[in-house]
Protein chains: 2
Amino acid sequence: MKNKLNAICQKLQQSEYKVTPQRQVILKTFLEHATEHLSAEEVYNIVKGQHPDIGLATVYRTLDLLAELDILTKINFGDGRTRYEMVQHEAHHHHHMICLGCGRVQEFDADLLESLENLLTRKTGFQITDHQLKFYGYCRECAAKSEDKSGSGDI
Amino acid sequence: MKNKLNAICQKLQQSEYKVTPQRQVILKTFLEHATEHLSAEEVYNIVKGQHPDIGLATVYRTLDLLAELDILTKINFGDGRTRYEMVQHEAHHHHHMICLGCGRVQEFDADLLESLENLLTRKTGFQITDHQLKFYGYCRECAAKSEDKSGSGDI
DNA sequence: CTAAATGCAAAATTTTTGCACCACA
DNA sequence: TGTGGTGCAAAAATTTTGCATTTAG
């Protein structure tokens, strides 16, 4: 974990950006919440614990910067705020299953898209650098609940 | 096209919603801009031509309603506003290729995800009702442009 | 030392809400 | 005719920006 933080700080320095304590704390937050998809405000609240007088604007600016540097990715689950997660370059592509019942977001891995990407590039000339796949539906628990009601659709 | 509008209006009536002129004009807008991905404000500006004293709030409320009824889908391309497009139940699932150079959004069809969905449901119990796949990269034109610069990465 | 980064507060944007009035069914 | 829908304006929520001050390199 420390390694990763250092690696990213080096990346910052090499890009002529300064490694400020604020930026470090924000990065640490993402490393320590690797499974979550934090919004700017959530990051802000977590970070205030370790760096009480940080400003929300700094959080926004840092998230923007880190996304620009391909250290974070923006994601949007449709809840009105932009969320961020660390890019895992080594790891397999992972995607999201968003439960329409309880709103929980599960992840799964899949590299099955690569052949599709190649096909698309051949057919359209579009050079793909990244993809994002989301499945919407109902998680096991919510699916079980709505079976009780044996309804034919929305409540 | 008229058929489709009528079908949707019936769906509204059956759900005990009223078919107001505002709702009709908004629906017509989506039928006439089938290839675009309109935001609330864009819809509002288009619709004001035919119904000058419509309110932006009504547009938001109508888009919400239509999304709830599964007539529209919300999409988010990361430009800070929610966009909408008509759901095409008969048609194949289509997805988006978003150019990071010029921002244009192309579409493509693919049903290749179905086997993946089945696998996931078997493994996780997650009942999938919909999916969304986005490819990010560079369209043919932008890819050609950046080849000139023969750069090794970001500018 | 100096350009970049920060904090604060104000502004800009997008979306939601309260309420009196209107109109579809 | 009555309830759901609408317009307006105000509020809420999220994100961006200007500027004086601080700080990393």
Side-chain angles (χ1 to χ4, degrees), chain A residues 5-6 8-27 29 37-69 71-84, chain B residues 5-6 8-27 29 37-69 71-84:
Chain A
L5 185 61
N6 282 341
I8 295 173
C9 289
Q10 276 185 34
K11 189 168 183 179
L12 277 178
Q13 288 182 314
Q14 281 162 22
S15 312
E16 315 235 281
Y17 293 111
K18 294 180 181 170
V19 178
T20 65
Q22 291 91 334
R23 286 175 181 173
Q24 290 187 72
V25 180
I26 290 172
L27 278 168
T29 300
H37 313 96
L38 302 170
S39 68
E41 189 141 27
E42 285 167 357
V43 171
Y44 176 61
N45 286 325
I46 294 169
V47 154
K48 265 200 304 198
Q50 297 152 71
H51 198 115
D53 53 354
I54 197 172
L56 181 55
T58 300
V59 174
Y60 273 104
R61 283 185 285 228
T62 302
L63 295 180
D64 261 17
L65 174 67
L66 296 176
E68 200 94 16
L69 290 175
I71 293 164
L72 297 180
T73 330
K74 293 185 177 194
I75 24 179
N76 200 302
F77 293 132
D79 64 344
R81 70 204 78 193
T82 303
R83 297 181 168 280
Y84 298 82
Chain B
L5 185 60
N6 282 341
I8 295 173
C9 289
Q10 276 184 34
K11 190 168 181 176
L12 278 178
Q13 289 182 313
Q14 283 163 21
S15 312
E16 313 236 282
Y17 292 111
K18 294 179 180 170
V19 178
T20 65
Q22 290 92 333
R23 288 175 179 173
Q24 290 187 72
V25 179
I26 289 172
L27 278 168
T29 301
H37 313 95
L38 302 171
S39 69
E41 189 141 27
E42 285 167 357
V43 171
Y44 176 61
N45 286 325
I46 294 169
V47 154
K48 265 201 305 198
Q50 298 152 70
H51 198 113
D53 53 355
I54 196 172
L56 180 56
T58 299
V59 174
Y60 273 104
R61 284 185 284 229
T62 302
L63 296 180
D64 261 15
L65 174 67
L66 296 176
E68 201 95 17
L69 290 175
I71 293 164
L72 297 180
T73 328
K74 292 185 177 196
I75 23 177
N76 200 302
F77 293 132
D79 64 344
R81 71 205 77 194
T82 303
R83 298 181 168 279
Y84 298 82

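Values reported hereafter were calculated over all heavy atoms of this structure, with side chains retained and with hydrogens, waters and symmetry mates removed. Chain naming here is simple, since letters A, B, ... match the order of the sequence lines and numbering starts at 1 in each. As the structure is a computational prediction, the values presented were derived from the model and not from experiment.
Within the 4.0 angstrom heavy-atom criterion, base atoms lie near A:Leu56. Using a 4.0 Å heavy-atom cutoff across all strands shown, B:Arg61 reaches at least one base atom of the nucleic acid. Counting non-hydrogen atoms under 4.0 angstrom, B:Pro52 reaches nothing in the nucleic acid.
When each of D:dG25, C:dG18, C:dG7 is scored by its nearest atom to the side-chain atoms of A:Ile54, the top-ranked nucleotide is C:dG7. Among D:dT17, C:dT15, C:dC19, the nucleotide with an atom closest to any side-chain atom of B:Thr82 is C:dT15. Taking every side-chain heavy atom of B:Ala57 into account, D:dA9 is the closest of D:dT6, C:dC24, D:dA9. Comparing D:dT3, C:dT16, D:dT15 by their nearest atom to the side chain of B:Asp64 picks out C:dT16. Among the nucleotides C:dA5, D:dG25, D:dT3, the one closest to any side-chain atom of A:Tyr17 is C:dA5. Here D:dT16 is the nucleotide among D:dT16, C:dT6, D:dG5 with the atom lying nearest to any side-chain atom of A:Tyr60. Minimum atom distance to the side chain of A:Gln22 is reached by C:dG7, of the listed C:dA3, C:dC19, C:dG7.
For the pair A:Leu63 CG and D:dT15 C1', the computed distance is 11 Å after rounding to whole Å. In this structure, B:Asp53 places its CG atom 13 Å from C1' of C:dC21, rounding to the nearest Å. For the pair A:Leu38 CG and D:dT15 P, the computed distance is 13 Å after rounding to whole Å. Rounded to whole angstrom, the span from the CZ atom of B:Arg81 across to the P atom of D:dT16 amounts to 12 Å. What separates CD of B:Gln24 from P of D:dT6 is a distance of 11 Å, to the nearest Å. As a whole-Å value, the separation of A:Leu65 CG from D:dT15 P is 17 Å. Regarding B:Asp79, its CG atom lies at a distance of 12 Å from the P atom of D:dT16, rounded to whole Å. Look at CD on B:Gln10: it is 13 Å from P on C:dA25, rounded to the nearest Å.
At distances below 3.5 Å, not a single donor-acceptor pair connects side-chain atoms of B:Lys11 with backbone N or O atoms of B:Ile71. Judged by distance alone, the side chain of A:Arg81 and the main-chain N or O of A:Ala40 form no donor-acceptor pair under 3.5 Å.
Contact of the B:Lys48 side chain with the B:Ile54 side chain is registered, since non-hydrogen atoms from C-beta on lie closer than 4.5 Å. Using a 4.5 Å cut-off on side-chain heavy atoms (C-beta onward), B:Asp64 and B:Tyr60 make no contact. Here the side chains of B:Leu38 and B:Ile46 are in contact, with some heavy-atom distance below 4.5 Å. Residues A:Glu41 and A:Asn45 form a side-chain contact, since some pair of their non-hydrogen atoms from C-beta on lies under 4.5 Å apart.
Distances shorter than 4.0 Å separate some side-chain N or O of B:Thr58 from OP1 or OP2 on D:dG7. Taking only side-chain nitrogens and oxygens, A:Thr20 never comes nearer than 4.0 Å to OP1 or OP2 of C:dA4.
Annotation for A:Gln24 and A:Cys9: closest pair CG-SG, 4.3 Å, computed over non-hydrogen atoms. Residues B:Leu12 and B:Lys18 share a closest heavy-atom pair of CD1-O, 4.5 Å. Contact detail for B:His37 and B:Glu42: the closest heavy-atom pair is O-OE1, 3.9 Å. A pairwise comparison of heavy atoms in A:Ser15 and A:Leu69 identifies OG-CD2, 4.0 Å as the closest pair.
Along DNA chain C, the nucleotide closest to A:Lys18 and the one closest to A:Val59 are compared, and the more 5′ of them pairs with A:Lys18.
Judged as a side-chain contact (heavy atoms from CB on, under 4.5 Å), and not counting sequence neighbours, the contacts of A:Thr82 are A:Lys74, A:Asn76, A:Tyr84.
Using five terminal pairs a side, the axes of the helix from C:dC1-D:dG25 to C:dA25-D:dT1 at its two ends make an angle of 50°, given in steps of 10 degrees.
Residues of residues 39-46 of chain A having a heavy atom closer than 4.0 Å to DNA chain C: none are found.
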